[in-house]
There are 2 protein chains.
Amino acid sequence: MTPQPDAARRTPLNRDRVLRAAVALADASGIDGLSMRSLAQELGVVPMALYKHVANKDELLDGIADIVVGEFAAPVGGTDWQADVRAQILAARGALLRHPWAARVIETRTQLTPGALAYLDALIGTFRAGGLSADLTHHAMHALGSRVWGFTQELLPAPPEVEGAQREAALREMAARYPHIAEIAAAAAHEDDTVVGGGGCDDQFEFEFALDVLLDGIARLHAAGWSSKTAG
Amino acid sequence: MTPQPDAARRTPLNRDRVLRAAVALADASGIDGLSMRSLAQELGVVPMALYKHVANKDELLDGIADIVVGEFAAPVGGTDWQADVRAQILAARGALLRHPWAARVIETRTQLTPGALAYLDALIGTFRAGGLSADLTHHAMHALGSRVWGFTQELLPAPPEVEGAQREAALREMAARYPHIAEIAAAAAHEDDTVVGGGGCDDQFEFEFALDVLLDGIARLHAAGWSSKTAG
DNA sequence: AGGCGAGGTGTACGCCGTACACCTGCCTTC
DNA sequence: GAAGGCAGGTGTACGGCGTACACCTCGCCT
């Protein structure tokens with residue numbers, strides 16, 4: 001008989017299996033129960049083996065965050081932008097409720113993952129398809145964003161810090177893949193003429209915009225004599 | 001000369017000095033740079049000395065969170081509830097910007113600290129003074145809350161798990177100290193007749209309430225042809 | 001047959017929070 | 001003034017963490 005030390009050896013680890021096991025372990029034991037050591041044990045492997053598939057723990061967290069963000073996707077009808085946005089936001093909330101640890105992990109990511117970019121692009125597309133202007137959409141994204149996850153500060157990914165032609169190519173590729181994000185970014189940059197900051201958003205403005213939308217809405221409900229009884 | 005080993009001995013540690021040093025260290029080195037060991041070194045003391053003033057690191061984090069929350073307080077005029085709420089929310093945001101690590105720390109606290117309760121009570125009081133109903137105020141707090149900090153889930157503190165008369169006394173004391181919170185809690189509990197949950201809020205309802213206020217507000221701005229140019 | 005590279009292993013280091021026993025010097029009480 | 005208690009600082013040690021680094025062991029390609 002050829003040596004067959006254990007069944008696990010037959011299907012060797014790969015990045016995907018590692019990440020899925022990490023999600024399962026976090027679901028089962030909470031995020032504090034997810035350590036490189038415990039994950040390795042779950043996979044019947046020595047801790048250092050994981051590092052052949054994941055650079056370090058932070059990259060592991062990036063990976064599991066992206067898996068959860070991948071569950072944010074929601075089918076939308078396209079006839080009513082408001083209902084479609086609502087469905088997409090609630091889908092994201094659903095995923096975060098299924099993985100209670102995920103919100104905190106996502107908030108600590110410093111870079112937007114591909115799945116996050118895809119979700120944002122789709123959400124922006126819904127607003128734009130509804131006829132909202134690029135800059136109103138931009139502010140709407142900020143207003144909604146901090147509610148669902150933590151991108152209060154940096155919605156737009158930081159441009160790669162390589163130089164010259166390579167950087168331009170990377171930007172062009174991103175614009176091709178996420179056209180709506182690119183459009184919003186352009187609108188934000190254009191609007192930002194008055195500010196010195198290089199292409200970023202004015203956080204204070206975005207915060208106050210969302211705050212005022214909420215306060216005005218609450219004031220309107222108050223003026224209308226709103227009560228939870230009347231609204232069902 | 002009487003023995004005077006070092007100057008630090010003259011003013012012995014106390015809880016307040018420990019907490020203030022922790023805030024300063026977190027401000028300077030980030031929250032990851034704040035360990036019991038580094039904090040002890042900063043105070044010219046051995047790590048275990050801190051445990052005479054703080055039960056464990058979690059209680060240290062509770063303490064520094066409460067210090068930051070203490071900076072949330074804002075003077076309000078009382079003539080315009082909307083402006084007053086705005087000022088109080090922006091004051092909280094200001095404190096969180098001064099201590100960039102604080103939002104994450106506050107979000108991970110499992111219990112509301114006294115400072116947090118005081119802030120919430122004042123904010124609720126502002127709504128109530130403006131004439132808003134208790135239950136609209138309750139929903140407004142949830143809608144605004146997740147924006148500033150992380151109490152998406154549990155605005156109301158979990159009742160102490162001691163039993164009988166002692167528990168009632170604790171509740172009564174809390175009601176006396178934070179009358180507006182007590183009022184809101186009563187309104188929420190009353191509203192919750194249909195739900196089984198013991199006195200908690202319906203998270204899903206609160207989430208959708210805030211979401212709809214935002215979406216309606218955005219739709220209204222869209223219908224009005226809003227643009228950042230027109231709004232200044 | 002030879003070797004190379006992907007993937008798993010073993011050991012070790014420096015950090016972390018903190019349990020536990022200890023020491024020290026002031027304050028109270030007689 | 002002597003005795004004793006106690007608040008507060010110390011020293012050592014343990015188990016956990018992430019992960020650097022050297023190693024081994026296959027299966028595959030030439």
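Chain letters run A, B, ... following the sequence lines, proteins first, then strands; residues in each count from 1.
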Of all the choices, [options], which nucleotide is nearest to the side chain of [X] once you look at every atom?
| X | options | answer |
| --- | --- | --- |
| A:Met36 | C:dT18, D:dG18, C:dT9 | D:dG18 |
| B:Pro12 | D:dC17, D:dG9, D:dA13 | D:dG9 |
| A:Met48 | C:dG17, D:dC21, D:dG18 | D:dC21 |

Check your understanding: Which heavy atom in A:Lys57 sits nearest to a heavy atom in A:Leu34, and how many Å separate them?
Key ->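 So the minimum-distance heavy-atom pair works out to NZ-O, 2.9 Å.
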
Check your understanding: Looking at A:Glu59 and A:His53, what are the two nearest heavy atoms and their distance?
Key ->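 Heavy atoms of A:Glu59 and A:His53 come nearest at OE2-O, 4.4 Å.
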
Exercise for review: Classify the side chain of A:Arg37 and the base of D:dG16 as holding, or not holding, a donor-acceptor pair under 3.5 Å.
Suggested key: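 No such pair is found, so the answer is no.
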
Review point. On a plain distance test, is the side chain of A:Lys52 in donor-acceptor contact with the base of C:dG8 below 3.5 Å?
Key: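 A donor-acceptor contact between them is present.
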
**Study point:** Comparing B:Ala49 and A:Tyr51 on DNA chain D - which has the more 5′ nearest nucleotide
**Key:**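 Looking at DNA chain D, the more 5' nearest nucleotide goes with B:Ala49.
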
Distance in angstrom units between [X] [atom1] and [N] [atom2], rounded:
| X | N | atom1 | atom2 | answer |
| --- | --- | --- | --- | --- |
| B:Asp16 | D:dG8 | CG | P | 14 Å |
| A:Leu50 | C:dT9 | CG | P | 10 Å |
| B:Leu39 | C:dG17 | CG | C1' | 13 Å |
| B:Asp32 | D:dG18 | CG | P | 14 Å |
| A:Gln41 | C:dT9 | CD | C1' | 16 Å |
| B:Asp58 | C:dC16 | CG | P | 17 Å |
| A:Asn56 | D:dC21 | CG | P | 14 Å |
| B:Leu34 | C:dC16 | CG | P | 10 Å |

Practice item. Measure the acute angle between the ring planes of B:Phe72 and B:Tyr119, then classify it against the limits of 30° and 60° as parallel, tilted or perpendicular. Key: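 Perpendicular, since the angle between the ring planes exceeds 60°.
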
**Study point:** Phosphate OP1/OP2 of C:dA6 contacted by A:His53 side-chain N/O (<4.0 Å)
**Key:**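 Answer is no, no contact under 4.0 Å.
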
Point to revise | Student check: side-chain heavy atoms of B:Leu144 and A:Leu215 closer than 4.5 Å | key: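 In contact.
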
**Study point:** Ring centroid separation A:Phe207 to A:His142 under 6.0 Å
**Key:**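 No, too far apart.
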
